Number of protein chains: 2
Amino acid sequence: MPKIVDPEARRRAVADAVFRVARRDGLENASLRNVADEAGLAVGSVRHYFASHSELMLFAMRELTRRVEVRVRSRVEPLLAAPGGPDRASLVEELLAELLPLDAARHDEAVLWLAFTTAARVRPELRPRADELHTGMREMVEQVLRGGQRQGGFPEDLDVPAETLRLVALLDGLALTAVLQPDRITPDDMWRVLRLHLRSLRGA
Amino acid sequence: MPKIVDPEARRRAVADAVFRVARRDGLENASLRNVADEAGLAVGSVRHYFASHSELMLFAMRELTRRVEVRVRSRVEPLLAAPGGPDRASLVEELLAELLPLDAARHDEAVLWLAFTTAARVRPELRPRADELHTGMREMVEQVLRGGQRQGGFPEDLDVPAETLRLVALLDGLALTAVLQPDRITPDDMWRVLRLHLRSLRGA
DNA sequence: GCCGTTATAGCACGGGCGGGCTAAATTCGT
DNA sequence: ACGAATTTAGCCCGCCCGTGCTATAACGGC
């Protein structure tokens with residue numbers, strides 16, 4: 001009957017165009033026209049896959065969240081698989097490092113994360129996604145701290161709720177600096193600070 | 001000769017309108033029309049004091065920076081005045097707390113700080129101001145750490161550059177959470193985390 | 001009371017925006 | 001080969017934007 005096209009693949013391709021435009025010119029310039037140009041499509045074509053502009057933004061944000069989650073999950077599994085392994089410390093380190101913009105790909109993701117979550121402050125339709133992302137990160141960090149408490153490493157009397165807040169703020173803050181002041185922080189700096197923090201948690 | 005008006009006061013009044021609009025609807029909605037409405041003026045009147053929209057934004061950002069600096073400076077002076085005072089620790093705490101959105105006024109400032117610095121990522125004319133603000137904060141934190149090292153409190157072998165990065169990231173991250181997820185963090189939480197961090201610095 | 005200066009207001013243009021809607025091209029099942 | 005269903009493309013409207021420009025109002029020195 002009709003031309004057969006995988007609609008989900010198309011939607012993801014358009015979302016990629018959103019990401020490139022937002023990365024380059026800011027989310028405020030991710031208009032249907034600019035996104036369509038970036039994707040090499042006509043505006044009408046983009047609108048065939050997304051009923052409205054905000055639906056496009058919502059899809060893009062979900063797609064971004066999904067990618068981050070996939071990446072983080074891939075670091076959680078080794079940790080669950082090696083319950084008492086000797087190099088548990090470095091697995092934890094790598095898991096948390098997954099949330100830092102240590103290479104170009106993660107840097108781009110961090111830029112987009114900041115753009116979407118700040119936009120969500122005044123765009124009600126994006127709020128649920130932003131909240132989910134934040135909650136997910138915080139719960140993961142809390143689990144890591146509790147896990148490290150059970151499996152040695154971190155002291156028994158660790159104030160887990162406060163330390164969760166502290167570690168989440170630290171990771172967010174490092175990402176923020178890397179996004180907004182990229183010349184003033186290097187991946188090495190971020191590694192150094194992360195290791196410093198984990199060491200201080202163990203030795204407290 | 002003409003109607004006498006303090007032009008600087010007017011400019012500040014318009015900047016205030018920018019702040020209110022940006023706080024409520026986001027910086028992307030701080031158009032000349034919206035700002036003029038908020039200030040109770042006509043667009044032409046606003047343009048009498050600002051040659052262009054970006055000049056208005058630039059002025060507003062300088063005004064914001066100035067206010068933060070005034071507030072911080074007022075906390076630095078007591079610290080310099082009491083070189084070896086006994087409650088130096090609490091003075092340091094209060095100084096750093098000045099950078100956290102602990103009350104409504106500072107919360108609004110933090111919202112605006114985030115809006116302007118993120119906007120600066122893709123608006124070259126705002127970059128210098130954003131860089132200044134970041135540099136000023138980092139230098140201040142570094143001085144605090146070095147000062148605490150000389151005057152007891154912090155250990156001699158403190159890795160000051162790394163600890164500066166860590167503390168700046170922590171403060172930024174707490175402010176970010178407070179701005180984007182205000183329901184998930186209270187002023188008490190921020191106090192607790194700040195004190196926890198300073199204690200861990202002293203006891204390392 | 002008049003004049004010159006400044007403040008205030010507003011119109012108009014060109015451009016980008018989201019979105020309602022229609023028309024054309026494409027392609028698979030028959 | 002034909003036709004139905006889907007994809008692609010594009011026009012057009014009303015809205016908001018920054019800005020160039022002009023007209024009116026307000027007021028202090030003479």
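Since this is a predicted model, take the numbers as computed values, not measurements. Below, each value reflects all heavy atoms present in this structure, side chains not excepted, and no hydrogens, waters or symmetry copies.
Using a 4.0 Å heavy-atom criterion, one finds that H48(B) contacts the bases of the nucleic acid, with or without backbone contacts as well. Using a 4.0 Å heavy-atom distance criterion, L32(A) is classed as a sugar-phosphate-only contact. Nucleic acid contact for V43(B): base, since at least one base atom lies under 4.0 Å from a heavy atom of the residue.
Looking only at side-chain heavy atoms (C-beta outward), R106(B) and R71(B) come within less than 4.5 Å of each other. Residues L145(A) and L167(A) form a side-chain contact, since some pair of their non-hydrogen atoms from C-beta on lies under 4.5 Å apart.
Checking dG18(C), dT19(D), dC17(D) against the side-chain heavy atoms of S31(B) singles out dC17(D) as nearest. The side chain of A42(A) sits closest to dA9(D) out of dG19(C), dA9(C), dA9(D). Here the nucleotide nearest the side chain of Y49(B), chosen from dG18(D), dG19(C), dT8(C), is dT8(C).
Here the P atom of nucleotide dT7(D) and the CZ atom of R11(A) are 12 Å apart, to the nearest Å. For the pair L56(A) CG and dG19(C) P, the computed distance is 10 Å after rounding to whole Å. Rounded to whole Å, the distance from CG on D37(B) to C1' on dA9(C) is 13 Å. Going from atom CZ of F50(A) over to atom P of dG20(C) covers 16 Å, rounded to whole Å. Between E125(B) atom CD and dG18(D) atom C1' there is a gap of 14 Å when expressed in whole angstrom units. Atom CG in D6(B) sits about 13 Å away from atom C1' in dA7(C), given to the nearest Å. In this structure, the CG atom of N29(A) is 15 Å from the C1' atom of dG18(C), given to the nearest Å. Rounded to whole angstrom, the span from the CZ atom of R33(A) across to the P atom of dC12(D) amounts to 13 Å.
Between N34(A) and the phosphate of dG16(C), there is no side-chain N or O to OP1/OP2 separation shorter than 4.0 Å. Within the 4.0 Å cut-off from OP1 or OP2 of dA9(C), at least one side-chain nitrogen or oxygen of S45(B) is found.
Ion pairing of E63(A) with R67(A) is present here, as a side-chain N (NZ or NE/NH1/NH2) and a carboxylate O approach within less than 4.0 Å.
Using a 3.5 Å distance cut-off with no hydrogens or angles, the side chains of R184(A) and T135(B) do pair a donor with an acceptor.
In this structure, R129(B) is not positioned above the aromatic face of F116(B) in the sense of NZ or CZ being under 6.0 Å from the six-membered ring centre and within 45° of the axis.
For R47(B) and dG18(D), a side-chain-to-base donor-acceptor distance below 3.5 Å is absent, hydrogens and geometry of angles not being considered.
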